[in-house]
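No hydrogens, no waters, no symmetry mates; every other heavy atom, side chains included, goes into these values. Source: prediction; values computed, not measured.
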Amino acid sequence: MSLFYTILFLFVSLLAYIFYKTRKVQRLPPGPWQLPIVGYLPWIDPAKPHESLTKLSRTYGPVCGIRMGSVYTVLLSDPQIIRQAFAKDACTSRAPLYLTHGIMQGYGIVCAEGDRWKDQRKFVSNCLRNFGMVKYDGIRREGLEKKLSNAAEECVSMLNKYAANGSIDPLNTLHHCMGNFINAIVFGKTYEEDDEVWKWLRHLQEEGVKEIGVAGPLNFLPFLRFLPHFGRTMRSIVDGKEKTHVVYRGILEEHRARLAQTSEDEDTPESFLAAFVEQMRKRNGSESEYYTEPQLYHLLADLFGAGVDTTLATFRWFLLFMAAYPMEQEKVQLEMDRCLKDGEQPTLNDRTVMPRLEATIAEVQRIRSVTPLGFPRGTSEDTKIAGYDVPRGAMIVPMQWTIHTDPAYWQDPFEFRPDRFLAEDGSFFKPEPFLPFQNGKRVCVGEELARMILFLFAGRLLRAFIVSVPAGETVDLEGECGITLVPKPHRLAFIPRRR
């Protein structure tokens with residue numbers, strides 16, 4: 001009998017040894033206690049998720065792991081760790097969210113991954129360069145700058161008209177002017193301000209952003225779609241997407257009709273739609289896999305949304321902070337007055353000689369990160385981040401708000417100080433922890449275009465107006481957080497400057 005127990009003991013010991021040597025030991029990032037199924041979701045404030053997650057990051061460190069429903073999530077709040085993580089191929093997948101998987105189906109560029117994402121990113125990047133999105137002066141950039149300047153001048157003219165008798169909410173005017181510029185480079189067409197289709201598209205974009213924000217829990221708890229409230233929201237989002245694609249199909253047909261009436265193909269397409277159609281014509285067979293109409297419609301929606309939403313929100317914050325901090329506004333205007341002659345307007349070449357304007361825009365981007373949780377990514381395979389094991393299918397969140405308000409990087413981080421971005425010699429200075437456009441392999445492909453838009457619009461409007469808070473009103477700088485952090489509805493006074 002003792003021999004039996006001896007053999008059994010040796011057998012069990014051998015199994016334990018084999019298990020010990022072959023098992024995969026995981027060292028997951030530290031994190032809080034959580035509930036089954038829902039994970040940490042009950043403790044996240046839906047109105048201010050960036051603040052809830054910032055508290056976690058402050059408690060558990062620069063790499064923090066939580067479960068948000070069915071999605072294992074890693075919060076990164078160290079700029080160096082983010083740069084290292086997002087430089088890896090393993091961290092270039094889309095975030096594993098139900099809505100993006102279910103609605104976008106891997107089309108477009110924001111939710112694309114793998115070879116489709118690489119192909120479409122290269123296509124978009126080439127188009128932007130051809131349109132003039134380059135850092136150095138030249139014929140193409142001059143053409144793009146002219147379009148941008150015209151859009152900014154139209155904005156000044158409309159604000160002059162609408163604000164002549166008092167304060168206004170500038171949102172509709174800004175949305176029209178910035179949106180129409182994006183329309184020109186995405187679709188190759190623009191709209192009149194009162195065009196019904198254009199008004200509907202702007203309304204749909206605003207409502208779509210809100211609805212996706214409301215439907216946020218669906219990303220982590222897909223079974224919620226069976227509840228009436230979330231079911232209606234889901235259907236509304238899908239319905240909005242399909243109706244938008246009908247409009248895009250009409251624009252596509254208009255473009256093809258114009259091409260049919262010309263004897264020669266366009267040498268250099270001036271819109272994403274035209275460039276995509278040209279690629280569809282050139283490619284055939286297996287090469288056409290990424291150049292189909294469904295891909296075109298999703299790509300156009302991504303480009304328009306990404307081009308307008310974050311840039312518009314940033315510029316709204318800029319005007320609001322200029323009204324709230326008139327001394328900082330005056331410093332920018334004095335700089336412009338020194339650098340420009342009477343009647344001259346800021347140009348892209350003035351960025352080097354007007355560093356305070358650039359610094360003020362950057363400080364707005366820091367103190368009010370319009371994407372406070374960055375653009376989350378997903379892991380395509382098991383990987384390591386800062387020594388911790390991160391499993392395949394995890395969501396990686398670059399905590400922009402946390403970094404941009406961290407007193408370890410910024411003295412008095414909640415104070416508005418554009419001087420943070422000015423070096424001792426007065427030139428524009430970009431600190432390492434400043435990450436408004438993210439970084440890595442999926443860094444914002446339109447970063448330079450966004451910087452152009454913000455500089456020219458900000459320069460033209462502050463050249464033309466003193467922006468102020470209406471008498472008897474107060475400024476609310478808290479904002480509302482959905483997909484992006486945007487100002488609450490507000491009114492501003494635009495008083496023409498006398499120079």
Mark yes or no for whether Gln329, through its side chain, and Leu462, through its backbone, hold a donor-acceptor pair below 3.5 Å. no
How would you list, by chain and number, every residue that makes a side chain to side chain contact (heavy atoms under 4.5 Å, CB included) with Glu154, sequence neighbours excluded? Met158, His176, Cys177
Is it the case that the side chain of Thr190 and the backbone of Asn180 share a donor-acceptor pair, with hydrogens and angles ignored and the cut-off at 3.5 Å? no
Do the side chain of Ser157 and the main chain of Glu153 share a donor and acceptor less than 3.5 angstrom apart? no
Between Ser70 (side chain only) and Phe220 (backbone N and O only), is there a donor and an acceptor less than 3.5 Å apart? yes
Taking His175 for its side chain and Thr173 for its backbone only, find out whether a donor-acceptor pair lies under 3.5 Å. no
If only atom types and distance count, is the side chain of Ser167 paired as donor or acceptor with the main-chain N or O of Ala163 below 3.5 Å? no
Polar side-chain atom of Arg94 near backbone of Glu113 as donor-acceptor pair, under 3.5 Å: no
Closer than 4.0 angstrom, basic N to acidic O: yes or no for Lys243 and Asp239? yes
Going by distance alone, is a donor N or O of one side chain under 3.5 Å from an acceptor N or O of the other, for Thr347 and Asn349? no
Note, Ser468 side chain near Leu492 side chain (heavy atom, < 4.5 Å): no
Stepwise side chain to side chain contact (heavy atoms under 4.5 Å, CB included) check, Leu41 with Leu221: CA-CA 10 Å; Leu41 286 177; Leu221 301 170; 3.9 Å; yes
Looking only at heavy atoms, what is the nearest atom pair of Pro29 and Cys64, with distance? CB-C, 4.0 Å
So, do Leu435 and Pro398 sit near enough that their side-chain heavy atoms are less than 4.5 Å apart? no
Mind checking whether Arg451 and Arg351 have side chains closer than 4.5 Å, heavy atoms only? yes
Which heavy atom in Ser271 sits nearest to a heavy atom in Ala184, and how many Å separate them? CB-O, 3.8 Å
Find out whether His404 and Pro433 are in side-chain contact, i.e. whether some heavy atom of one side chain is under 4.5 Å from a heavy atom of the other. no
Given 3.5 Å as the limit, does a donor-acceptor pair link the side chain of Glu344 with the main chain of Lys341, or not? yes
Going through the checks in order, is the ring pair (Phe, Tyr, Trp, His ring centres under 6.0 Å) test met by Tyr107 and Tyr297? CA-CA 9 Å; Tyr107 288 117; Tyr297 302 146; 9.9 Å; no
Check the pair Lys331 / Glu328 against salt bridge (Lys or Arg N to Asp or Glu O under 4.0 Å), numbers first and verdict last. CA-CA 5 Å; Lys331 290 177 185 178; Glu328 295 296 340; 3.5 Å; yes
Main-chain N/O of Arg232 paired with Ser236 side-chain donor or acceptor, under 3.5 Å: no
Donor-acceptor pairs are to be reported for all side-chain atoms of residues 313-325 against protein atoms at under 3.5 Å, with residues two or more places apart or in another chain.
residue: Thr314; atom: OG1; partner: Thr310; partner atom: O; Å: 2.8
residue: Trp317; atom: NE1; partner: Leu485; partner atom: O; Å: 3.0

Quick one: side chain to side chain donor-acceptor pair (under 3.5 Å) partners of Lys146, sequence neighbours excluded? none
Cut-off 3.5 Å, no hydrogens considered: what does the side-chain donor-acceptor table look like for residues 436-444, sequence neighbours left out?
residue: Gln438; atom: OE1; partner: Phe375; partner atom: N; Å: 2.7
residue: Gln438; atom: NE2; partner: Phe375; partner atom: O; Å: 3.2
residue: Arg442; atom: NH1; partner: Thr92; partner atom: O; Å: 2.6
residue: Arg442; atom: NH1; partner: Ala112; partner atom: O; Å: 3.0
residue: Arg442; atom: NH2; partner: Ile109; partner atom: O; Å: 3.0
residue: Arg442; atom: NH2; partner: Val110; partner atom: O; Å: 3.3
residue: Arg442; atom: NH2; partner: Ala112; partner atom: O; Å: 3.0

Residues at least two apart in sequence or cross-chain that pass side chain to side chain donor-acceptor pair (under 3.5 Å) with Glu363, listed by chain then number, are Arg366, Arg420
With the threshold set at 4.0 Å, does a side-chain nitrogen-carboxylate oxygen contact exist between Asp194 and Lys199? no
Can Leu171 and Leu312 be said to form a side chain to side chain contact (heavy atoms under 4.5 Å, CB included), step by step? CA-CA 9 Å; Leu171 174 56; Leu312 175 62; 4.2 Å; yes
Which heavy atom of Ser77 sits nearest a heavy atom of Thr402, and at what distance? CB-CG2, 3.7 Å
Which residues pass the side chain to side chain donor-acceptor pair (under 3.5 Å) test with Lys161, sequence neighbours left out? none
Donor-acceptor contact present, side-chain Asp78 to main-chain Ile81, <3.5 Å: yes
Between His50 and Met399, is any pair of side-chain heavy atoms under 4.5 Å apart? no
Considering all heavy atoms of both residues, which atom of Gly65 and which atom of Pro32 are nearest to each other, and what is their separation? O-CD, 3.9 Å
Can you check whether Leu56 reaches Ile66 side chain to side chain, under 4.5 Å on heavy atoms? yes
Should the pair Glu432-Arg83 be classified as a salt bridge under the 4.0 Å nitrogen-to-oxygen rule? yes
His298 and Tyr248: CA distance, side-chain angles, deciding distance, side chain to side chain contact (heavy atoms under 4.5 Å, CB included) verdict: CA-CA 10 Å; His298 285 84; Tyr248 294 169; over 6 Å; no
Are Ser149 and Arg460 linked by a side-chain donor-acceptor pair shorter than 3.5 Å? yes
Identify the residue among Phe428, Phe421, Tyr409, Phe429 that makes a ring pair (Phe, Tyr, Trp, His ring centres under 6.0 Å) with Phe434. Phe421
Pairing of Lys488 and Asp476 as salt bridge, 4.0 angstrom limit: yes
Could you walk me through whether Arg338 and Glu335 pass the salt bridge (Lys or Arg N to Asp or Glu O under 4.0 Å) test, one step at a time? CA-CA 5 Å; Arg338 287 194 304 267; Glu335 178 185 68; 5.1 Å; no
Quick one: are Asn219 and Val71 in side-chain contact, heavy atoms under 4.5 Å? no
Quick one, Trp198 with Phe187, criterion ring pair (Phe, Tyr, Trp, His ring centres under 6.0 Å). Give me CA distance, side-chain angles, the key distance, then yes/no. CA-CA 13 Å; Trp198 176 222; Phe187 304 108; 8.9 Å; no
Would you indicate whether the side-chain heavy atoms of Asp337 and Arg497 approach each other to under 4.5 Å? yes
Run the numbers on Asp45 and Glu51 for side chain to side chain contact (heavy atoms under 4.5 Å, CB included), then give the verdict. CA-CA 8 Å; Asp45 182 351; Glu51 294 186 7; over 6 Å; no
